[in-house]
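This report refers to the structure that appears directly beneath it.
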2 protein chains.
Amino acid sequence: MTEKDLRERIKEVAVEHFDTNGYHGTTIRNIAKDVNCSLPMIYYYYKNKKELFDEIIKKEFFNLLKKQASLLKTDNIIDFYTKFIFDLNSLSNYDKKVYRLGIKVYLSFEGDEELMKLMDEWEKSILPRHREILKPHLKNVNNEKAIVRTLVHLLETMIENIVVKNRYLPEDEIREEISIVLKS
Amino acid sequence: MTEKDLRERIKEVAVEHFDTNGYHGTTIRNIAKDVNCSLPMIYYYYKNKKELFDEIIKKEFFNLLKKQASLLKTDNIIDFYTKFIFDLNSLSNYDKKVYRLGIKVYLSFEGDEELMKLMDEWEKSILPRHREILKPHLKNVNNEKAIVRTLVHLLETMIENIVVKNRYLPEDEIREEISIVLKS
DNA sequence: CTACAATACTAACGAACGTTAAGTAAAGGA
DNA sequence: TCCTTTACTTAACGTTCGTTAGTATTGTAG
């Protein structure tokens, strides 16, 4: 029965349900059924539905973001960003669903104010971080700020395509688009 | 009491609720309360909850898209796209919420398979349409396809920023980003 | 004035929800 | 051997949900 830690299994199934049916569309009963455990076991490991959801965003999603943000970068900036996006294609299904859920909260389609505040803080860190990465490569351009902004916007859509819409983006298409922005 | 058509008022309040709380988080009772009518009146004008939601997407959202897509275009392509995006800032609150709901369905965060299919069809029409618009302006470039794709991706993020995240995007920032892609 | 449709309401249905009370089974240290 | 802790169960609580049956009110055409 306890092939895997039950607490973990509950979370995995919960990700599935929250992703497919949304917070309000997800029921503890259905999670318990899929986990093949009794209903109160969910409450044994998690205080309530909201805490289960929060743990997924706060731990799973932000861990994913941090792991992704700490990727080593190559000296070729276009290679770096291409790889950064392309690797999302091979994220595990679980990670993709966690990511998807996170974006849902990021777009304020779900979650409460507390989670939204976490997202806002994260968002504020995005532009400066990429500006730092791109700084050495954008020395002799006058519209550096706009280029960074455009690139970040472009990255966002590509992430959404892969993670949210579950599309496969080929490496050369990613490279083409990034090049268009960075070689302007 | 009947200052405005009740059927219409129900739909307006429904947009508000679906937008804020999602499909499953929205209750007919709360809609009725905000409309200040009795609960069964909702069922008098709409078959059920799903039909109310569907009408918002099928009629309101797609009308909005069509209206937007039929905008007259200027001879300057950068002006055209800048205006196209910038004008979203001054969409009415109701239209913004309808748009937001539509994007939610577009990203398959909500709605059933039928609605998703409508979205897929719409999505397929996007690239060819912009390719047609851009064709005369991208004659002597070899990566025309990639540029169109990049532009559409960029437009998507800007739309999301304005409509979904409810940010104000200044005209010059929009113009800068579009120029970066189109002048490459 | 009357009859009949359209519009509105009160009240309630059964089902499903989040959550918890209360108890059992197993395990491990004293 | 007893006792405490951990892991788990059945059963039920009260609430709210979508939906509808049944009835009253209103507007209007004859």
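Each chain gets a letter, A, B and so on, in the order the sequences are listed, and its residues count up from 1.
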Separation of atom CG in A:N21 from atom P in C:dC17, rounded to whole Å: 11 Å

Closest nucleotide among C:dA8, D:dC8, C:dG18 to the A:Y43 side chain: C:dG18

Integer-rounded Å distance: D:dT26 C1' and B:L6 CG: 14 Å

Pairing of A:R7 and A:E12 as salt bridge, 4.0 angstrom limit: no

Close approaches to DNA chain C from residues 45-61 of chain A, in residue order (heavy atom, under 4.0 Å): A:N48, A:K49

Separation of atom CD1 in B:I42 from atom P in C:dT7, rounded to whole Å: 15 Å

Considering all heavy atoms, the nearest B:I180-A:V181 contact: CG2-O, 3.8 Å

B:I28 CD1 to D:dG18 C1', straight-line distance once rounded to whole Å: 7 Å

Whole-Å distance separating the CG atom of A:L39 from the C1' atom of C:dA21: 14 Å

Parallel, tilted or perpendicular: rings of B:Y23 and B:F18 (30°, 60°): parallel

Within 6.0 Å of NZ in B:K50, more than 12 heavy atoms from elsewhere: yes

Check ion pair A:E176-B:K145 (N to O, under 4.0 angstrom): no

Spacing between A:I10 atom CD1 and D:dC8 atom P, to the nearest angstrom: 9 Å

Interatomic distance where CZ belongs to A:R29 and P belongs to C:dT20 [whole Å]: 13 Å

Sugar-phosphate only, base, or nothing, as touched by A:T27 at under 4.0 Å among non-hydrogen atoms: sugar-phosphate

Closest listed nucleotide, where the reference is the side chain of A:P40 and the choices are D:dT10, D:dA7, C:dT7: D:dT10

Side chain of A:M41 - closest among D:dT19, D:dA7, C:dT10: D:dA7

Candidates D:dT9, C:dC9, D:dT6 - which lies nearest the side chain of A:Y44: D:dT6

Side-chain ion pair, B:E177 and A:R149, N-O less than 4.0 Å: yes

Aromatic plane relationship, A:Y81 with A:F84 - under 30° parallel, 30 to 60° tilted, over 60° perpendicular: perpendicular

B:R7 CZ to C:dA6 P, straight-line distance once rounded to whole Å: 15 Å

